Amino acid sequence: MCREGVLTIKKLFKEAQRLLAEAGVPEARLVPPRSHEFGEATTAYPMEKAGMVGKRPFELAEEIVSKLGSSELIESVKAVPPGYINFYADWRRFSEHTLSEIFRLGQMGYASSEIGEGKVVLVEHTSVNPNKALHVGHARNVYLGDLVARTLSKTGHKVYVLNYVDDSGVQMASILLGFLELGIPASPPEGVRFDEYCGDHVYVEVSRKAETDRTLEERLRSLAKRVEERGSGEFRYAREVAEKVLSYQLMTCWRLGARYDMLFRESDVVASGLWSKTFQRLLEAGIIYKAASGENAGCWCVDLSGHETLSKEGDEVLVKSDGSTTYVARDIAFALWKLGESDVEIGGRVWGRNPDGSEILITDTDTATHLEIPKASMVITVVGSEQRRPQEVIKYVLKKLGVDGERYLHFSYERVSLSSESAKRLGMREVERKAIHMSGRRGIYIKVDAVLDELKELAAQEVRRRHADWGSDKVDEVSEAIARGALRYSLLRTEAEKAVVFDMREALRLEGDTGPYIQYSVARAHRIVEKARDAHLQPSMRKSGDLVKEEKLLIRSASYLPLVVEEVAKTLRLRQLLTHSREMAVRFNEFYEKCPVIEGGESAPFRLALVESYIIAQASLMDIIGIPVLREM
RNA sequence: GGGCCCGUAGCUCAGCAUGGAUAGAGCGCCGGCCUUCUAAGCCGGAGGCCGCGGGUUCGAGUCCCGCCGGGCCCGCCA
């Protein structure tokens, strides 16, 4: 899709910049002001420059303003103490331009852009061990990764989403140990999901037994090694169990709004020969060595002595003394493949489809067809901050192999822990700590589906109260959408590098700074549009008189939207999308209170256009954020 | 011990990248608003040594240094 002309808000900035250039200060930097009182564009240039030319900032500002000419979208420019220059929009023109732009580009186009220029980006997220159901900590990973993917694909990037399935680690092996050697039934009781059965019952049970039975650790290790041997019975069985768990995990992921292009099985890193090829390369590049003595005797290790900080912590083991690989080894090989820096062909097949109908591929070394992915200009791996070290090792190795490390980005985030209150509800006794880390092994976690179900029930109560006439299907559909919007917003509202303390009571809120607040504003807007239709009211992008404050602020917030999205695509400060979505919703609610539409007299047609444009702009942003849009709630 | 992240209102969080105009929300608390488009909303109020100390600057919540408090990493786990 091609944009006709320049975006209105950008045009306003361009005009302001041109005026400044004509006044002799082309270097003045314009930014959006933090308050509407300071106009639509502002510069602190006089304060930065005053000292150097020996003038007082405010005088310099006035001097510059006096030299400014006029332009189409800017009505006035003011010099303001202590030394700002503020540009104010010509609201008649600015609003008309903005509204027509929103209508022209529509919900699919308004928030999107082409700045990605079709660059291929691989985003890896989710990557939950296939031995359990997703808990709320995993949900943060899915939401963050999915939002990165959504944002980038809306801004002209070609995005491929990968889910790395660790079917060859110890966690997987412990499930197999339970089934094969400890006599735990391999199928769950009636009505219990397989992923929940493995995580809640099998994994916890095996971990518990391992505490008293010291031989289990050794049996587990030898089982894990056999799982890595392509063609062994254990290899096949592990893949079978993993795929089964995965199929249930993905149901949860879809409920979270995520989608995937490819499921990459860790067992295939070794089985496909990707690892052995990578090993050869590392060997030839002289990055690895086999330790003859010391604590790593018999292991192949990465030489980290050249790394500024990692060198202090000792070298990284890639191949254990028993010949099996470590997670970091497999991840290095995988990273090379993701970056298109490996010529090893990976077999694969179609696994299934996302709810949106797109195909999901899965690696499968037994298949003759090869998976093809265009070379990625950037690989983004969404992994918790506790994995900073291994991720840094990967990056270091990539650089040593001559790959541009800037192409490999670790999108790091802090983990989700449970508030002591929520932990108490799970039967935890030690509550003196403020937050307790979730642990699959100890059975301390809250499953995502359980949270969504509770949220949904809460929403359903409210929906039924408001709409006694609705059938159960409609109540179900709407309350599910509210629950999804609420949880997504609540787990994304904290900046990724900050730890989240999950509190059930807090998560179950549907008012205030929440997803439903935004959904509700759109539902209200839809109701106005319906009533307007009944009243045969036609929208108009022009207003006869001056715009009132609430009208201006609503348009203003919508006009900045495309700018915000482009900014986030560059910085990946995802939170700003939520902040802006909320800002628009707040502006709409203020407008809603103060400005009657249907009974708005002369202003009615213009206000109707405003309401319709709000729906388009907000919905286009919600499409990116992944909050379901509702016409009624 | 070494490395990284966090510390802003009673609680949960914005603002810090790119220093600048009275430090913003939500929850909770107090007080208002439903004969007019959905009150999951709106309006008002109380509530802040921006962890502490120093530095840079005309100007620091934002940048630099030190300290204190909390978290994470430093495994032949992933």
Side-chain angles (χ1 to χ4, degrees), chain A residues 29 31 33-35 37-38 42 44 47-48 50-51 56-57 80-84 86 127 129 166 169-172 221 224 266 291 295-301 308-310 312-314 316-322 324-328 330-331 384-390 392 412 414-415 417 419 433-435 437 459 462-463 466-467 482 490 493-495 497-501 503 505-506 509-514 516-517 519-521 523-532 535 571 573 575-576 578-579 582-583 586 589-590 592-600 607 611 632-633:
Chain A
R29 195 171 57 95
V31 294
R34 64 179 177 75
S35 163
E37 293 164 38
F38 308 139
T42 187
M47 284 185 282
E48 291 157 15
R56 286 168 55 196
V80 180
Y84 293 95
N86 297 336
S127 306
N129 281 323
D166 180 8
V170 174
Q171 291 209 19
M172 186 68 240
R221 226 197 311 270
E266 195 177 55
E295 55 182 8
N296 292 337
C299 301
W300 285 92
C301 305
E308 195 184 344
T309 51
L310 294 180
K312 297 173 189 168
E313 299 176 353
E316 186 78 17
V317 173
L318 294 190
V319 181
K320 305 174 200 172
S321 54
D322 69 359
S324 62
T325 53
T326 62
Y327 147 83
V328 177
R330 299 187 291 262
D331 227 15
S385 67
E386 69 276 7
Q387 293 197 33
R388 276 212 158 93
R389 181 190 147 88
E392 182 57 30
S412 167
E414 288 293 325
R415 73 166 88 180
S417 50
S419 67
R433 307 187 73 178
K434 201 176 167 191
H437 289 306
E462 186 67 24
V463 171
R466 286 157 183 260
H467 306 280
I482 293 170
S490 109
R493 67 188 278 268
T494 307
E495 200 59 78
E497 63 266 19
K498 276 196 183 176
V500 167
V501 178
D503 182 72
R505 207 185 48 212
E506 177 77 13
R509 275 180 36 231
L510 299 173
E511 298 162 17
D513 188 10
T514 66
Y517 176 92
Q519 293 173 308
Y520 184 65
S521 71
R524 286 173 124 189
H526 270 293
R527 178 52 64 91
I528 296 177
V529 172
E530 274 170 36
K531 294 248 159 117
T571 62
R573 286 168 174 248
R575 234 205 68 86
Q576 288 186 12
L578 306 223
T579 308
R582 188 178 151 76
E583 162 79 10
V586 166
N589 280 333
E590 286 166 357
Y592 184 92
E593 295 292 329
K594 298 261 171 57
C595 306
V597 177
I598 312 294
E599 305 296 327
R607 288 180 177 169
V611 172
E632 292 177 277
M633 65 184 273

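These figures come from a predicted structure and were not determined experimentally. Throughout, protein chains are lettered first and strands after them, A, B, ... in sequence-line order, and every chain is numbered starting at 1.
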Colleague: Scan Glu590(A) against the nucleic acid and name what it touches under 4.0 Å (heavy atoms): base, sugar-phosphate only, or nothing.
Modeller: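 The answer is sugar-phosphate, as Glu590(A) gets under 4.0 Å only of primed atoms, P, OP1 or OP2.
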Colleague: Counting heavy atoms from C-beta on, name the nucleotide in A40(B), C42(B), G7(B) closest to the side chain of Lys498(A).
Modeller: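 So the side chain of Lys498(A) is nearest to G7(B).
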Colleague: When all nucleic acid strands are considered with a 4.0 Å heavy-atom cut-off, which category describes Thr42(A): base, sugar-phosphate, or nothing?
Modeller: base
Colleague: With respect to the side chain of Leu510(A), which nucleotide from G7(B), A40(B), C27(B) is positioned closest?
Modeller: A40(B)
Colleague: Return the value, rounded to whole Å, for the distance between atom CG of Leu310(A) and atom P of G3(B).
Modeller: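 In whole Å, G3(B) P lies 12 Å from Leu310(A) CG.
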Colleague: Does U56(B) pair with anything, Watson-Crick or G-U wobble, both distances under 3.5 Å, and if so, with which nucleotide?
Modeller: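 Answer to the pairing question: none, since U56(B) forms no Watson-Crick or G-U pair.
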Colleague: At less than 4.0 Å, is any side-chain N or O atom of Tyr592(A) found next to OP1 or OP2 of U36(B)? Yes or no.
Modeller: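 Checking Tyr592(A) against U36(B): no side-chain N or O falls below 4.0 Å of OP1 or OP2.
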Colleague: CG of Leu578(A) versus C1' of U12(B): gap in Å, rounded?
Modeller: 15 Å
Colleague: The side chain of Arg509(A) is closest to which nucleotide in this list: G26(B), C16(B), A14(B)?
Modeller: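 Minimum distance to the Arg509(A) side chain belongs to G26(B).
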Colleague: For A39(B), does either OP1 or OP2 sit under 4.0 Å from a side-chain N or O belonging to Arg524(A)?
Modeller: yes
Colleague: Are Lys312(A) and G1(B) close enough that a side-chain N or O sits under 4.0 Å from OP1 or OP2?
Modeller: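 Answer is no, no contact under 4.0 Å.
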Colleague: Could you check whether Ser521(A) and Asn589(A), counting side-chain N and O atoms only, form a donor-acceptor pair closer than 3.5 Å?
Modeller: no
Colleague: Give a yes/no answer on whether the side chain of His437(A) brings an N or O atom under 4.0 Å of OP1 or OP2 in C72(B).
Modeller: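 Indeed, a polar side-chain atom of His437(A) lies that close.
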Colleague: Say you pick atom P in G24(B) and the same atom in G66(B); how far apart are they, in whole Å?
Modeller: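 Roughly 32 Å separates the two P atoms.
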Colleague: Closest to the Arg466(A) side chain: C27(B), A39(B), C5(B)?
Modeller: A39(B)
Colleague: Looking only at side-chain atoms of Glu313(A), point me to the closest of C37(B), C73(B), A17(B).
Modeller: C73(B)
Colleague: Mind checking the C1' distance from C16(B) to G59(B)? Whole angstroms is fine.
Modeller: 16 Å
Colleague: Taking all heavy atoms of Glu316(A) and all of Val328(A), pick out the closest pair and write down the distance.
Modeller: OE2-CG2, 3.3 Å
Colleague: With heavy atoms under 4.0 Å as the rule, sort Arg582(A) into base, sugar-phosphate or nothing.
Modeller: sugar-phosphate
Colleague: Please report the distance separating the P of U62(B) from the corresponding atom of G15(B), rounded so that it comes out in whole Å.
Modeller: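 Rounded to whole Å, the distance is 14 Å.
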Colleague: Mind checking Ser321(A) for me? I need base, sugar-phosphate or nothing, with any heavy atom below 4.0 Å counting as a touch.
Modeller: base
Colleague: Roughly, in whole Å, what's the span from NZ in Lys531(A) to P in C37(B)?
Modeller: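 To the nearest whole Å, that distance equals 6 Å.
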Colleague: How is Asn129(A) classified with respect to the nucleic acid when contacts are heavy atoms under 4.0 Å: base, sugar-phosphate, or nothing?
Modeller: sugar-phosphate
Colleague: Could you check which of A21(B), C4(B), C37(B) has an atom nearest any side-chain atom of Val597(A)?
Modeller: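 The answer is C37(B).
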Colleague: Heavy atoms only, 4.0 Å cut-off, all strands: where does Phe38(A) land among base, sugar-phosphate and nothing?
Modeller: base
Colleague: Within the 4.0 Å heavy-atom criterion, would you say Glu462(A) contacts the bases, only the backbone, or no part of the nucleic acid?
Modeller: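 Base, at least one base atom sits under 4.0 Å.
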Colleague: Give me the atom names and distance for the closest heavy-atom approach of Glu495(A) to Arg573(A).
Modeller: OE2-CA, 4.4 Å
Colleague: Given U22(B), C73(B), A17(B), identify the nucleotide with an atom nearest to the side chain of Gln576(A).
Modeller: A17(B)
Colleague: Quote, to the nearest angstrom, the C1' distance that separates G48(B) from U22(B).
Modeller: 14 Å
Colleague: Under a 3.5 Å cutoff, is there a donor and acceptor pairing between the side chains of Arg330(A) and Thr325(A)?
Modeller: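 Yes, Thr325(A) and Arg330(A) have a side-chain donor paired with an acceptor closer than 3.5 Å.
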Colleague: If you measure from the P atom in C33(B) to the same atom in A39(B), how many Å do you get, rounded?
Modeller: 15 Å
Colleague: Any base atoms under 4.0 Å from Arg493(A), or only sugar-phosphate, or nothing? Heavy atoms, all strands.
Modeller: base
Colleague: Contact class for Arg330(A) vs. all strands (heavy atom < 4.0 Å): base, sugar-phosphate, or nothing?
Modeller: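 Result for Arg330(A) = sugar-phosphate.
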Colleague: Using atom P in both nucleotides, what's the gap between C50(B) and C5(B) to the nearest angstrom?
Modeller: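 Here C50(B) and C5(B) have their P atoms 23 Å from each other.
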Colleague: Using the side-chain heavy atoms of Asn86(A), tell me which of these nucleotides is nearest: G3(B), A21(B), C4(B).
Modeller: A21(B)
Colleague: Counting only side-chain N and O atoms of Asn296(A), is one of them less than 4.0 Å from OP1 or OP2 of C76(B)?
Modeller: yes
Colleague: Identify which nucleotide among C74(B), C6(B), U22(B) has an atom closest to any side-chain atom of Glu37(A), counting heavy atoms from C-beta outward.
Modeller: U22(B)
Colleague: Are more than 12 heavy atoms, taken from residues, nucleotides or ligands other than Arg389(A), located less than 6.0 Å from that residue's CZ atom?
Modeller: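 Buried by this count: over 12 neighbours within 6.0 Å.
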Colleague: So what's G75(B) paired with, Watson-Crick or G-U wobble, going by both distances under 3.5 Å?
Modeller: none
Colleague: Just checking Ala523(A): base, sugar-phosphate only, or nothing, at a heavy-atom cut-off of under 4.0 Å?
Modeller: base
Colleague: Who is the Watson-Crick or G-U wobble partner of G41(B), with both distances under 3.5 Å?
Modeller: C33(B)
Colleague: Under 4.0 Å, heavy atoms only, any strand: does Glu530(A) hit a base, just the sugar-phosphate, or nothing?
Modeller: nothing
Colleague: Tell me: CD of Gln387(A) to P of C5(B), nearest whole Å?
Modeller: 18 Å
Colleague: Mind checking if Pro57(A) touches a base, just sugar-phosphate, or nothing, with heavy atoms under 4.0 Å?
Modeller: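 Contact class for Pro57(A): none.
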Colleague: Going by side chain to side chain contact (heavy atoms under 4.5 Å, CB included), name the residues that satisfy it together with Asn296(A), two or more places apart in sequence or in a different chain.
Modeller: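 Asn296(A) satisfies side chain to side chain contact (heavy atoms under 4.5 Å, CB included) with Ala291(A), Cys299(A), Cys301(A), Val317(A) once adjacent residues are dropped.
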Colleague: Check this one for me: any side-chain N or O of Lys320(A) less than 4.0 Å away from OP1 or OP2 of G75(B)?
Modeller: no
Colleague: Tell me whether Arg575(A) contacts the main-chain N or O of Arg493(A) through its side chain, where contact means a donor paired with an acceptor under 3.5 Å.
Modeller: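 The answer is yes, because a donor-acceptor pair under 3.5 Å joins these two groups.
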Colleague: Which heavy atom of Pro57(A) sits nearest a heavy atom of Pro82(A), and at what distance?
Modeller: CB-O, 3.2 Å
Colleague: What integer distance in Å separates Glu495(A):CD from G15(B):P?
Modeller: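 Rounded to the whole Å, the gap is 6 Å.
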Colleague: Specify the separation, in whole Å, of atom CG of Leu318(A) and atom P of C76(B).
Modeller: 12 Å
Colleague: Is the aromatic ring centre of Tyr520(A) closer than 5.5 Å to the centre of the six-membered base ring of G41(B), with the two planes inclined by less than 30°?
Modeller: no
Colleague: Taking syn as any angle within 90 degrees of 0 and anti as the rest, which one fits C34(B)?
Modeller: syn
Colleague: Can you tell me the base-pairing partner of C27(B)? Count Watson-Crick or G-U wobble geometry only, both distances below 3.5 Å, and say none if there is no partner.
Modeller: G10(B)
Colleague: Closest approach to the side chain of Thr579(A), judged atom by atom: which nucleotide of A14(B), C72(B), C16(B) is it?
Modeller: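 Out of A14(B), C72(B), C16(B), the nucleotide with an atom closest to Thr579(A)'s side chain is A14(B).
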Colleague: Do the side-chain N or O atoms of Arg29(A) get closer than 4.0 angstrom to the phosphate oxygens (OP1, OP2) of U18(B)?
Modeller: no
Colleague: Using the P atom on both, measure A14(B) against G53(B) and round to a whole Å.
Modeller: 24 Å
Colleague: Answer with base, sugar-phosphate or nothing: what part of the nucleic acid does Ala50(A) contact at a heavy-atom distance below 4.0 Å?
Modeller: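 Nothing, no nucleic acid heavy atom in range.
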Colleague: Which heavy atom of His467(A) sits nearest a heavy atom of Met633(A), and at what distance?
Modeller: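 Heavy-atom minimum between the residues: NE2-O, 3.0 Å.
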Colleague: Without decimals, in angstroms, what is the distance between Glu392(A) CD and C5(B) C1'?
Modeller: 15 Å
Colleague: With rounding to the closest Å, how many angstrom separate the P atoms on A46(B) and A23(B)?
Modeller: 14 Å
Colleague: NA contact type, Ile482(A), heavy-atom cut-off 4.0 Å: base, sugar-phosphate, or nothing?
Modeller: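 The residue Ile482(A) makes base contact.
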Colleague: Tell me if a side-chain donor or acceptor on Arg607(A) pairs with a main-chain N or O of Pro596(A) at a distance below 3.5 Å.
Modeller: yes
